[in-house]
Amino acid sequence: MYQEIFKKYEPTKDNLIYILHDIQDNHPQQYITEEAVLSVSKYLNVPINHIYGVITFYGMFSMKARGKNIIRLCESPPCYLKGCDNIYRKLKEELNIKQNETTEDGLFTLELCACLGVCGNAPVMMINNDIYGDLTEEKVVKIIKDIKGEK
Amino acid sequence: MKFYRSHILLGMSETSIEAGAKKIELALKSELSKRNLQDEIDVLETGPLGFFAKGVCLKVYPENVLYENVTVEDIPELVEEHFLKGRPVKRLLATTTRVEAYDFNYKERNVLENSGIIDPEDIEEYIGVGGYEAWEKALLKMKPEEIIAEVKESGLRGRGGAGFPTGLKWSFTAPIDSPEKHLVINADEGEPGTFKDRLIMEGDPHKLLEGMMIACRAFGANKGFIYIRGEYKLCIERLKHAINQCRSYGILGQDIFGSGFNLDFDIKVGAGAYVCGEETALIESLEGNRGNPRFKPPFPGVKGLWQTPTVVNNVETIANVPTIINKGAEWYKSLGVNGATGTKVYTLMGDVAMPGLTEVPMGITLRDIINKYGGGMLRGKKFKGALVGGAAGVILSDKLLDVKMDYESLKEYTAVLGSGAIMVMGEEVDMVEMLWSILRFFRHESCGKCFPCRLGTQQLYNIICKIRDGEGKEEDLESMILLSDAMVKSSFCALGQSPYMPIKSSILNFRNDFLKRIK
Ligand SMILES: Cc1cc2nc3c(=O)[nH]c(=O)nc-3n(C[C@H](O)[C@H](O)[C@H](O)COP(=O)(O)O)c2cc1C
Ligand code: SF4
Ligand code: FES
């Protein structure tokens, strides 16, 4: 079932990270399953423990099922200066989950991350591939509502 | 080419897209055609306009009018008033300070000279402003040694943090006889507060590619990689597109310009780890491994990617190269001061009126950067301090507002220029909180390979938490300095050596903030 993805990459180890990105992005729950790890291991001829090592090293990879929308809120100093902790509190309250948890309806996962490189508009978060800056508590509530509305 | 009466530049960056820039572009275009103006007024997408107004900004040429905070609802009025009747819409005009900062900002640009002016997705526009002339000159009229000599002479130093002389770095790799050599561009940009590389790549991707070509020619690489962080989606898209354009124009590929020189580039995407910005960790990551740093020596210049000689350079460093080749080392040296030549791109954020980026000659004072380019302090706050160089940087107090910003002057105050991130803090900011946030960052980003950093970053975080909770003692301050100093001496890579600077400088300059929590 991963053949479509494998076709795009030569079977060399340096493609591991891109293959993992691709697999994760294509899973509806945005994570890498054990089964996927096995297939990748076979395709690249790289030991399973190496692949686990890589997955756990990089913040963007997950081996736990996640929500349809992954919220990554930046907690680095420039965003902290602009009150990202209040935004975090509001998000937890609004979604009724804690860090790295997924809402019951499977719509949102809440993660914290380091600087996203948009600090001029701190506080900042990313939802999947989109950036949201100059966050306020009201703005966050609206963003969440909007996404819920369009599901 | 069609002749247009006016051009509307619309800055497309991750942030303006979030503010609705795409929708505004559509609305503008449809309104213009509704009024039958589509052949008179051109709407151009360009890179980031270089400062962060709130909302979407439009720059109109030749009128030289800057609008800010434009929304879709404003478009009919804007088109009717400005483009039909020739009366700028006052209510949407940017403030004078912002206009001044904008104009000022464009006077002294080098790396960002085209950003916000040309369409980054159109190679013709880049060529139209003299793009790829330097590449042609370097490839056809200069010997590789001459390129290196010119870059050495220019005094260009690495902009990725460590400030290593670029020409010298190339000259180590150039003489090595190897069937394969590589250039790797470090576009991992993870230092908190730094987003200059993103804006360079979004605004003018061809500038980076041209610099890379010249570098590859200089030290003899036939393959270049750009290692770019996974979060920078727009950069990845634009660079991929730009590389494809170069291939189809024969600027990249086999036997370029009939010179016999072959060259190709590829983009590699990271997956979220700050330590991968460290050059040897980055190479590990490129090879498909965990991003743990390697032991040096051998340096990457001798044995790097797949054990081949590899030069790792920062995006901004390389984006300086085309101008150096075009205008010459002498011109480049005329900008800047004190062993720091050329211009530097700073990112400015925190309690300033206009956060954003600016490119200025080396050696400008912090005060000038804040006042002239940043529009002064936010809501007239009093300046308390600035974190310069990201989390691995130093916290400067107001006493250093007039120190020149260049490598040597800052060194006198044991400060660093680092990546050029400047986070300004107003009077009410508590340095205990800031240091806590910095140490939380390092604790999270330590890669765990060596124990001084793995345990040290955790221990430093524990101490600052204790102080923050009001349970600290005055000795704890000294312990943090001692511990982080021991980490400087014993850590495997520069990440473990980084907490020392922010700890030392915040305790030294703002001891009272800490004592308040202790007593
Ligand atoms: C923990 C750590 C993170 C770093 N992050 C970056 C980065 O994001 N971008 C960068 O260009 N250099 C970064 N560096 C510096 C690189 O190791 C290297 O010095 C630089 O890419 C060399 O390029 P330059 O000579 O053009 O500056 C980092 C270093 C360390 C120790
Ligand atoms: S100093 Fe820190 S980041 Fe560097 S190798 Fe050691 S544990 Fe890893
Ligand atoms: S610090 Fe949050 S985006 Fe940079």
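These values consider heavy atoms only, across backbone and side chains, with no hydrogens, waters or symmetry-generated copies. Keep in mind that what you see is a predicted model, and the values were worked out from it rather than measured.
- Annotation: B:Glu428, atom CD; neighbour count of heavy atoms from other residues, nucleotides and ligands within 6.0 Å is above 12.
- Within a 6.0 Å sphere centred on CD of B:Glu427, other residues, nucleotides and ligands contribute more than 12 heavy atoms.
- By number of non-hydrogen pairs under 4.5 angstrom with chain A, the leading residue of B:Pro192, B:Ala271, B:Gly288 is B:Ala271.
- Looking at heavy atoms from C-beta onward, B:Tyr232 lies out of side-chain contact with A:Leu116 at the 4.5 angstrom threshold.
- Among B:Lys196, B:Met425, B:Lys233, the residue with the largest count of heavy-atom pairs under 4.5 Å with chain A is B:Lys233.
- Side-chain atoms of B:Met349 and A:Asn121, non-hydrogen and from C-beta on, never get closer than 4.5 Å to each other.
- The OH atom of B:Tyr274 lies 9.5 Å from the OG atom of A:Ser76; values are rounded to the nearest 0.5 Å.
- Neither the backbone nor the side chain of A:Asp130 comes within less than 4.5 Å of any heavy atom in chain B.
- The line from CD1 of B:Ile283 to CG of A:Asp14 is 13.0 Å long, rounded to the nearest 0.5 Å.
- Of the two parts of A:Ile17, only the side chain, counted from C-beta on, holds a non-hydrogen atom closer than 4.5 Å to a non-hydrogen atom of chain B.
- With sequence neighbours left out, A:Tyr43 forms a ring pair (Phe, Tyr, Trp, His ring centres under 6.0 Å) with A:Phe6.
- Taking every heavy atom of both residues into account, B:Ala273 and A:Phe57 meet most closely at CB-CE2, 3.8 Å.
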How far apart are the C-alpha atoms of A:Arg72 and B:Glu231, what are their side-chain angles, what is the distance that settles it, and do they pass the side-chain contact (heavy atoms from CB on, under 4.5 Å) test? CA-CA 11 Å; A:Arg72 301 173 72 212; B:Glu231 289 88 349; 3.2 Å; yes
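- With a 4.5 angstrom heavy-atom cutoff, B:Val269 touches chain A via backbone and side-chain atoms both.
- Within the 4.5 angstrom heavy-atom criterion, no atom of B:Asp430 approaches chain A.
- Salt bridge present: B:Arg440 and A:Glu75 bring a charged side-chain N and a carboxylate O closer than 4.0 Å.
- With a 4.5 Å cut-off on non-hydrogen atoms, B:Leu439 does not touch chain A at all.
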Step by step, would you call B:Ile267 with A:Tyr18 a side-chain contact (heavy atoms from CB on, under 4.5 Å)? CA-CA 11 Å; B:Ile267 292 173; A:Tyr18 321 112; over 6 Å; no
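- The most heavy-atom pairs under 4.5 Å with chain A, out of B:Glu433, B:Glu189, B:Glu191, come from B:Glu433.
- What you find for B:Phe195 and A:Cys119 is that their closest heavy atoms are CD2-SG, 3.6 Å.
- Rounding to the nearest 0.5 angstrom, the gap separating the SG atom in A:Cys115 from the CZ atom in B:Phe441 is 8.0 Å.
- Counting heavy atoms of neighbouring residues, nucleotides and ligands inside a 6.0 Å radius, atom NE2 of A:His50 exceeds 12 of them.
- A:Thr56 places a side-chain heavy atom less than 4.5 Å from the side chain of B:Arg290.
- Between A:Pro77 and B:Met434 the shortest side-chain heavy-atom distance falls below 4.5 Å.
- Your options are B:Gly230, B:Ser285, B:Ser437, and the one with the most heavy-atom pairs under 4.5 Å with chain A is B:Ser437.
- Looking at B:Cys276 and A:Tyr58, their side chains come closer than 4.5 Å, going by heavy atoms from C-beta outward.
- A 6.0 Å sphere centred on NZ of B:Lys240 holds no more than 12 heavy atoms belonging to other residues, nucleotides or ligands.
- With chain A as partner, the option from B:Ala421, B:Gly448, B:Gly350, B:Gly291 having the largest number of non-hydrogen pairs under 4.5 angstrom is B:Gly291.
- Contacts from residues 81-102 of chain A to chain B, taken as heavy-atom pairs separated by less than 4.5 Å, involve A:Leu81, A:Lys82, A:Asp85 in sequence order.
- Your options are B:Asn289, B:Ile438, B:Leu286, and the one with the most heavy-atom pairs under 4.5 Å with chain A is B:Asn289.
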